[in-house]
> 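I have a structure here, written as structure tokens, and I will follow up with some questions on it.
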Amino acid sequence: MAPTLSTALDVHFPIPQSDAKTPIFFTRRKSTIYCNSSKPPQNPPARKTPSLSEQLQPLSSTTLPNKDQARLLSKPKSTWVNPTKPKRSVLSLQRQTRSPYAYNPKVRELKLFAKKLSDCEDSEDAFLGVLEEIPLEPTRENALLVLNSLKPWQKTHLFFDWIKTKNLFPMETIFYNVTMKSLRFGRQFELIEELANEMVSNDIPLDNITYSTIITCAKRCNLFDKAVEWFERMYKTGLMPDEVTYSAILDVYAKLGKVEEVVSLYERGVASGWKPDPIAFSVLAKMYGEAGDYDGIRYVLEEMKSLGVRPNLVVYNTLLEAMGKAGKPGLARSLFQELLGSGLTPNEKTLTSLAKIYGKARWAKDALELWEEMKSKNWPMDFILYNTLLTMCADIGLVEEAEQLFMDMKQSRHCRPDSWSYTAMLKIYGSGGNVGKAMEFFEEMSEVGVELNVMGATCLIQCLGKAGRIDELVRVFSVSVKQGIKPDDRLCGCLLSIVSRCESREDMDKVLACLQQANPRLVALVKSIADEEYCLDTVKEEFKGIISDTKDDARRPFCNCLIDICRSKNLHDRAHDLLYLGTLYGLYPGLHNKTANEWSLDVRSLSVGAAQTALEEWMVTLAKIVKREEALPELFSAQTGTGTHKFSQGLSNSFASHLKKLAAPFRQSEEKAGCFVATREDLVPWLKSRSPSPAVSV
DNA sequence: CTAGGGTTAG
């Protein structure tokens, strides 16, 4: 096994361990470093970026000053370090200072000129033409001011080259830094690297500002290996990163998902006497949020508390987002309360995070309270927040609130409803079964020129299908395809579920014709399943092929629908075959659960027909066990759930009526909604009484 | 965007 990062680091930058021998004047050292190494790596191993330990290996041997190495070599076991000579640090505690600008009395004139240059035609000739009209001597100060005011990056770059050619004064670091910053806006990493290499060849020193600009530009261009490479080069030249460069590189590792490296760097920094600022904590919080790692988020909170760093608004926002990703709506809510208690005012991003969390959790009460509070306190709104609130309303089924928001949006000066806003409305009316309103919005979209997207089309098609308005469904589908919408797996699943509900052959053919355009193999499978010449092996092959090409979250719905189609055609044996295939390919994990006292069937993610099929299958299995006189637990239960959505149709009702039809001795549990229970005492006689042969048919 | 780091949408 490769050495762990922390051991590799300790070789180069030893940290005193928190044992009894450690003198108290050592920098605080936590006894536990939180790092969830049980999680699988976030990134595939094929990445080019070497691990931090790999990078620090060459780095440490070249960058550690010799006297430190000598000291370490001479006293390898000593953990004592003279407090007046602080031990080897990984970052400079002093932030690089910037030279103050001398006031330039010609600011106005120069800025005006810079604007002229910025606005001129984007060609070298045009630019040089305007340059000839320069109103003042291009002295160092004047040139710097102009350089600073130019945009876009092409102009900055041209001007920078021009200054160099003129050769009026020596080029200094600041000229490169200013130019690089502009180039970064254009994500011109190659040019930035070119300039950096030029600095090296011309002996112009690269400082922390240069390095942090290079690193963040590489990061924004997703050139993470380049970011790390330049960080390493900085150490090699003997320059210590200050906290700005340091947190920039922390963010690079965080974006790579290298949690261990980030925590290690962070801890090394703290051990060097660094008091991380809110930006560093925001980087950590974001990283743990992306990993959905709640323990990590707690670690960040504890660190801030123990170091006495008060979160600012950005940190709160990042933490809220992270709590949402970690699936902790309750903690997000308390964090928000804490934010308000600390006297901060939430901004658009805060409220967007919270609205998303309440919507996903379907917390209607909190969602409504949030909206009321937003209105009464006049908290800021923007376009994204409007759309997120609309989506939240759609998730929860808040129809009137959504209508109000949509109206507000139309009246607002700064934003027009876009395809997201309309999609939310289509979702609200669609899932509420208000086909008329949904179609009204669909027509309005084409009037105001907002394009339908695949999700909106799916919502609309779903509600038209449920309402049995198949001709309109076909129309919406063809309009969507004509608009260039590429039907995705969800839309196909939606069409397939409508097929399963069609009552007439005619309607079914119309929907299948749509599906034929979107996913012909799926239609072929439906035909194979319903074919007189049914062959399980053929179906199995087709099924396998389709499922492996289907997005993960649409696989089970596909199988559910296919089972429903079989049942609607009274082909119950084939429904059982499909349930078997679905189980075989792992689409129904956790369907059966056993404890010593209770066996249960969890059909919460199954369709009505699939749940019925699973129940029958279970009963057949249990009957066999009874026949073989094997042991059975005291209790049996089947869980349908109640459906968290206001509009959800409730699997539990149909399941209950199916139980009734079978005369199975399951009772609706009194303490747990959506749960049906039977005792062994009641179930066994019933299983025995059923004739063994057509056990699966009703 | 008057030389550098962190946060918003199925």
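Every chain is numbered from 1, with letters handed out A, B, ... down the list of sequences.
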> Would you please confirm or rule out a distance under 4.0 Å between OP1 or OP2 of B:dG5 and any side-chain N or O of A:Arg220?
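Yes, because at least one side-chain N or O of A:Arg220 sits under 4.0 Å from OP1 or OP2 of B:dG5.
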> Nearest to the side chain of A:Ile174, heavy atoms from C-beta on, is which of B:dA3, B:dT2, B:dT7?
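For the A:Ile174 side chain, the nearest candidate turns out to be B:dA3.
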> Identify which nucleotide among B:dG6, B:dA9, B:dG4 has an atom closest to any side-chain atom of A:Asn312, counting heavy atoms from C-beta outward.
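Comparing B:dG6, B:dA9, B:dG4 against the side chain of A:Asn312, the answer is B:dG6.
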> Does B:dT2 have OP1 or OP2 under 4.0 Å away from a side-chain N or O of A:Lys151?
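Looking at the OP1 and OP2 atoms of B:dT2, neither is under 4.0 Å from any side-chain N or O of A:Lys151.
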> Looking at A:Arg184, I'd like to know whether one of its side-chain N or O atoms comes within less than 4.0 Å of OP1 or OP2 on B:dG5.
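For B:dG5, OP1/OP2 do have a side-chain N/O of A:Arg184 under 4.0 Å.
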> Could you list the residues that satisfy side-chain contact (heavy atoms from CB on, under 4.5 Å) with A:Asp553, not counting sequence neighbours?
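Result, side-chain contact (heavy atoms from CB on, under 4.5 Å) vs A:Asp553: A:Arg490, A:Lys551.
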> So, does A:Lys181 get its side chain near the phosphate of B:dT2, meaning an N or O under 4.0 Å from OP1 or OP2?
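For B:dT2, OP1/OP2 do have a side-chain N/O of A:Lys181 under 4.0 Å.
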> Applying a 4.0 Å non-hydrogen cut-off, can you work out what A:Val314 is touching in the nucleic acid: base, sugar-phosphate, or nothing?
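The residue A:Val314 makes base contact.
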> At under 4.0 Å between heavy atoms, what does A:Thr391 touch on the DNA or RNA strands: base, sugar-phosphate, or nothing?
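The residue A:Thr391 makes no contact with any strand.
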> How are the rings of A:Tyr235 and A:Phe231 set to each other: parallel, tilted or perpendicular (split at 30° and 60°)?
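Rings of A:Tyr235 and A:Phe231: perpendicular, as their planes differ by over 60°.
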> Can you tell me how far C1' of B:dT2 sits from CG of A:Leu150, to the nearest Å?
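Between C1' of B:dT2 and CG of A:Leu150: 11 Å.
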> Are OP1 or OP2 of B:dT7 and a side-chain N or O of A:Lys255 less than 4.0 angstrom apart?
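Answer yes for this pair, as a side-chain N or O of A:Lys255 is under 4.0 Å from OP1 or OP2.
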> Reckon A:Arg98 has a side-chain N or O less than 4.0 Å from the OP1 or OP2 of B:dG4?
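Yes.
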> Determine: side-chain N/O of A:Lys286 to OP1/OP2 of B:dG6, distance under 4.0 Å, yes or no.
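Looking at the OP1 and OP2 atoms of B:dG6, neither is under 4.0 Å from any side-chain N or O of A:Lys286.
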> Examine the side chains of A:Gln94 and A:Asp242 and answer whether a donor and an acceptor come within less than 3.5 Å of each other.
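Short answer, no.
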> Going by number, which of residues 193-207 of chain A have a non-hydrogen atom under 4.0 Å from DNA chain B?
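Close to the strand are A:Asp207.
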> State whether A:Trp371 and A:Lys375 meet the cation-pi test: NZ (Lys) or CZ (Arg) under 6.0 Å from the six-membered ring centroid, and within 45° of the perpendicular axis.
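Geometry flag: set, cation within 6.0 Å and 45°.
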> Over all strands shown, is A:Thr350 touching base, sugar-phosphate only, or nothing at heavy-atom distances under 4.0 angstrom?
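Here A:Thr350 touches no strand at all.
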> List for me each residue that meets side-chain contact (heavy atoms from CB on, under 4.5 Å) alongside A:Leu158, sequence neighbours excluded, and say none if there are none.
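Partners of A:Leu158 under the side-chain contact (heavy atoms from CB on, under 4.5 Å) test: A:Glu124, A:Phe127.
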